[in-house]
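Input: a single structure, listed below in structure tokens.
Throughout, a chain's letter reflects where its sequence line sits, starting with A, and its residues are numbered from 1.
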Amino acid sequence: MNLTAIKAIYVFEMTRFFRTLLQSFISPVLSTSLYFVVFGTAIGSRIETIEGVSYGAFIVPGLIMLSVMTQSTANASFGIYFPKFIGTIYELLSAPVSYVEILIGYVGAAATKALLVGLIILATAFAFVDLNIAHPLAMVAFLVMTCFSFSLLGFIIGIWAKNFEQLQLIPLLVITPLVFLGGSFYSISMLPPAWQTITMFNPVVYLISGFRWAFFGTAEVSIGLSLFAIAIFTAVCVAVIGWIFKSGYRLKS
Amino acid sequence: MSAIVSAKDVTKVYDSGFKALKGVSLDIEQGEILALLGPNGAGKTTLISVICGMVNATSGSITVGGHDIVDDFRAARSLIGLVPQELSLEPFEKVINSVTFSRGLFGKPRDDAHIERILRQLSLWDKKDARVKELSGGMKRRVLIAKALSHEPRVLFLDEPTAGVDVELRKDMWDIVRGLRADGVTIILTTHYIEEAEAIADRVGVINDGNILLVKDKADLMAQMGRKELCIELQDPIGEVPAALAAYDLVLGEDSCSLIYSYDTRGDRTGITSLLSDVAAQGLVLKDVSTSQSSLEDIFVGLVEDAT
Ligand SMILES: Nc1ncnc2c1ncn2[C@@H]1O[C@H](COP(=O)(O)OP(=O)(O)OP(=O)(O)O)[C@@H](O)[C@H]1O
Ligand SMILES: [Mg+2]
């Protein structure tokens with residue numbers, strides 16, 4: 001393992017992040033605050049508690065997941081796409097580093113940034129609602145797993161993308177709808193039965209449900225199933241990346 | 001001397017179906033400066049990219065320092081430094097960070113003194129905290145060189161290092177190249193400029209259309225292939241080359257006051273003695289006689305034309 005190289009990539013990526021500190025943190029904090037004002041306060045005051053949790057508190061896990069998933073994907077896809085775009089990828093390809101090391105560097109940095117954003121949103125949430133976290137360790141574990149698995153997905157997108165439009169296509173067309181329809185802002189049990197069945201095919205449901213369990217101790221699907229879903233998702237991403245590296249897909253001609 | 005880079009029958013067919021390398025075999029000796037000379041699209045960058053790992057060869061094998069570049073890429077690549085043809089740099093990054101990053105990427109421990117020495121050598125030290133996008137093109141080229149030198153390569157590839165570079169930097173660059181060579185670093189540079197190859201290289205390789213046409217010691221190449229010209233200046237202008245001298249293929253100088261004779265230095269007989277006596281026999285009065293050797297440029301143009 002070329003640990004020095006992993007560290008170099010990680011530090012380089014984190015420097016980029018801190019260079020754009022304002023955008024990196026202000027925008028998620030601002031949008032979360034808006035969600036709280038609109039959903040939590042305006043609409044929430046008209047909604048009864050869900051499973052014994054006030055609506056304002058109920059949406060916190062979903063909000064964090066929404067940000068963390070989009071941030072992870074965006075960070076990781078941009079992180080690897082940008083060197084391809086400006087040509088500095090030559091250095092990665094000609095350095096004595098393995099693909100696994102490149103992956104750890106980029107995905108590690110992307111996941112770290114997303115994790116920080118997630119924690120900041122959580123801190124923001126405390127300013128708006130009363131929160132008691134039932135299983136803090138499990139909460140952090142879920143957060144970390146989500147950051148890493150979606151950063152893997154972002155890495156794939158970044159390698160696949162040939163231009164900036166494609167870079168934004170998948171997050172916009174796939175991830176955002178899945179997260180919104182995955183029970184971020186409502187309980188699945190509130191849906192008509194037919195929709196409940198359809199929703200079960202949405203992998204994000206399991207992540208949000210598991211994350212919500214860590215907060216409130218109740219879940220719509222069993223926690224084991226949630227963990228299984230994350231494991232499957234991560235395994236699929238790792239397999240795809242393995243194939244990409246083996247074939248040099250869109251990295252080497 | 002042993003070959004530090006050895007390529008055997010390397011071919012590259014791009015996805016487009018284009019054959020950029022058509023079976024290149026090349027041994028680069030430890031510690032030499034090899035200039036790869038070739039016109040646009042000859043395959044210089046492709047060859048370098050294959051050796052350095054940015055492009056997969058379609059067939060053939062390459063070793064660097066005895067290590068296969070695929071099976072033992074880590075050992076092979078840690079010997080290599082690359083200055084690419086394109087000015088590919090992260091625009092928002094500081095010069096110093098960009099250079100330290102390269103060193104880290106190659107797994108070398110941090111060494112601020114070494115980085116400072118390189119940046120000073122390349123007159124970049126006072127720009128170390130500037131963002132790359134604030135630099136001029138020539139300075140960006142220097143940053144690329146600094147990045148490649150940051151990890152102390154044993155084999156340095158310079159892909160058209162002097163494109164867009166002023167005389168001053170070119171001089172600095174050759175000083176650095178000579179210094180590196182004195183430390184035993186092997187240097188491969190590509191160029192379109194024959195003077196450059198002539199000025200700095202130990203050996204010259206000519207590549208065209210995906211084939212290496214020849215690799216020779218620069219001096220040998222010039223001695224072997226070089227033609228010399230003998231210029232005979234006459235006292236009085238003449239209208240045309242006298243018919244009696246037709247066998248010598250003389251060319252009349254523009255001023256009509258000189259005759260130019262080209263001959264092959266390889267030949268047993270250059271024919272100069274008989275030419276001069278025949279000239280005298282025509283009653284022409286000689287004012288002066290001088291010779292000049294053809295440059296690598298002439299040799300190169302001749303080779304490329306022969307190949308096509
Ligand atoms: N990615 C690619 N896909 C298809 N063809 C390519 C690709 N890269 C290079 N080529 C072709 O391969 C040939 C050799 O290109 P290369 O860049 O190696 O030439 P070069 O000798 O470095 O030329 P120059 O002096 O202009 O830099 C060219 O005809 C080029 O069009
Ligand atoms: Mg080139």
Side-chain angles (χ1 to χ4, degrees), chain A residues 1-24 78-106 108-109 158-159 162 164 243-253, chain B residues 12-16 18 20 45-46 48-58 64 67 69 72-94 97-98 100-110 131-133 144 147-148 150-151 153 157 159:
Chain A
M1 258 304 163
N2 187 343
L3 288 177
T4 321
I6 297 177
K7 190 180 144 204
I9 296 174
Y10 184 85
V11 169
F12 199 75
E13 283 301 292
M14 292 309 281
T15 318
R16 189 212 309 286
F17 178 60
F18 286 113
R19 203 163 49 217
T20 53
L21 201 59
L22 225 57
Q23 290 124 280
S24 306
F78 185 79
I80 191 68
Y81 175 76
F82 195 55
K84 279 202 320 176
F85 179 68
I86 60 173
T88 52
I89 190 92
Y90 87 86
E91 211 178 7
L92 289 174
L93 295 177
S94 65
V97 292
S98 69
Y99 287 127
V100 174
E101 290 153 1
I102 296 178
L103 184 72
I104 296 174
Y106 277 100
I159 285 182
K162 282 183 168 168
F164 276 101
W243 172 80
I244 286 176
F245 285 163
K246 223 176 186 155
S247 64
Y249 174 76
R250 291 202 180 165
L251 274 175
K252 277 190 180 191
S253 45
Chain B
K12 174 63 195 176
V13 183
Y14 279 111
D15 291 342
S16 61
F18 185 85
T45 302
T46 304
I48 290 182
S49 303
V50 170
I51 299 174
C52 295
M54 284 103 70
V55 170
N56 290 322
T58 307
V64 177
H67 311 285
I69 58 156
D72 203 1
F73 73 92
R74 238 186 251 275
R77 288 188 201 161
S78 40
L79 299 173
I80 299 178
L82 167 65
V83 180
Q85 182 172 3
E86 307 285 332
L87 295 174
S88 309
L89 285 164
E90 155 98 49
F92 308 107
E93 197 47 77
K94 281 184 185 169
N97 291 348
S98 195
T100 15
F101 168 71
S102 298
R103 188 174 169 87
L105 197 59
F106 276 70
K108 293 265 164 44
R110 192 174 157 162
R131 309 254 173 234
V132 167
K133 66 180 162 90
L144 286 175
K147 281 166 79 76
S150 70
H151 46 83
F157 289 90
D159 199 353

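- Within a 6.0 Å radius of NZ in A/Lys162, no more than 12 heavy atoms belonging to other residues, nucleotides or ligands are found.
- Contact of the B/Gln85 side chain with the B/Ile48 side chain is not registered, since no non-hydrogen atoms from C-beta on lie closer than 4.5 Å.
- Between A/Met1 and A/Glu101, some side-chain heavy-atom pair lies under the 4.5 Å cut-off.
- Ranked by heavy-atom pairs under 4.5 Å with chain B, the list A/Ser94, A/Gly87, A/Ala8 is led by A/Ser94.
- Relative orientation of the A/Phe164 and A/Tyr81 rings is perpendicular, given thresholds of 30° and 60° on the angle between their planes.
- For a residue to count as touching a neighbouring chain, one of its non-hydrogen atoms must lie under 4.5 Å from one of that chain's; by this rule A/Thr15 touches chain B with the side chain only.
- Not one N or O on the side chain of A/Glu13 forms a donor-acceptor pair closer than 3.5 Å with the backbone of A/Tyr10.
- Interface remark: B/Phe106 contributes backbone and side-chain atoms alike to the contact with chain A (heavy atom separation under 4.5 Å).
- At a 4.5 Å heavy-atom cutoff, the contact between B/Glu90 and chain A is made by backbone and side-chain atoms alike.
- Both the backbone and the side chain of B/Ser102 come within contact range of chain A, with heavy atoms under 4.5 Å apart.
- Interatomic distance, CZ of A/Arg250 versus CD1 of A/Ile244, reported as 9.5 Å (0.5 Å rounding).
- No other option in B/Phe73, B/Phe101, B/Phe92, B/Tyr14 has as many heavy-atom pairs under 4.5 Å with chain A as B/Phe101.
- A 6.0 Å sphere centred on NZ of A/Lys7 holds no more than 12 heavy atoms belonging to other residues, nucleotides or ligands.
- Taking 4.0 Å as the cut-off between side-chain N and carboxylate O, B/Glu93 and A/Arg19 count as a salt-bridged pair.
- Proximity to chain A (any heavy atom under 4.5 Å) is shown, for B/Leu105, by both the backbone and the side chain.
- Put simply, of B/Gly107, B/Ser49, B/Pro91, the one with the most heavy-atom pairs under 4.5 Å next to chain A is B/Gly107.
- In this structure, no portion of A/Ile6 lies under 4.5 Å from any heavy atom of chain B.
- The line from CG of B/Asn97 to CZ of A/Arg16 is 12.0 Å long, rounded to the nearest 0.5 Å.
- The part of B/Leu144 that comes within reach of chain A is its side chain, from C-beta onward, which places non-hydrogen atoms under 4.5 angstrom from that chain.
- Contacts with chain A were tallied for B/Leu89, B/Thr100, B/Asn56; B/Asn56 has the most, counting heavy-atom pairs under 4.5 Å.
- Among B/Ile69, B/Asp15, B/Leu82, the residue making the largest number of heavy-atom pairs under 4.5 Å with chain A is B/Leu82.
- Proximity to chain A (any heavy atom under 4.5 Å) is shown, for B/Lys94, by neither the backbone nor the side chain.
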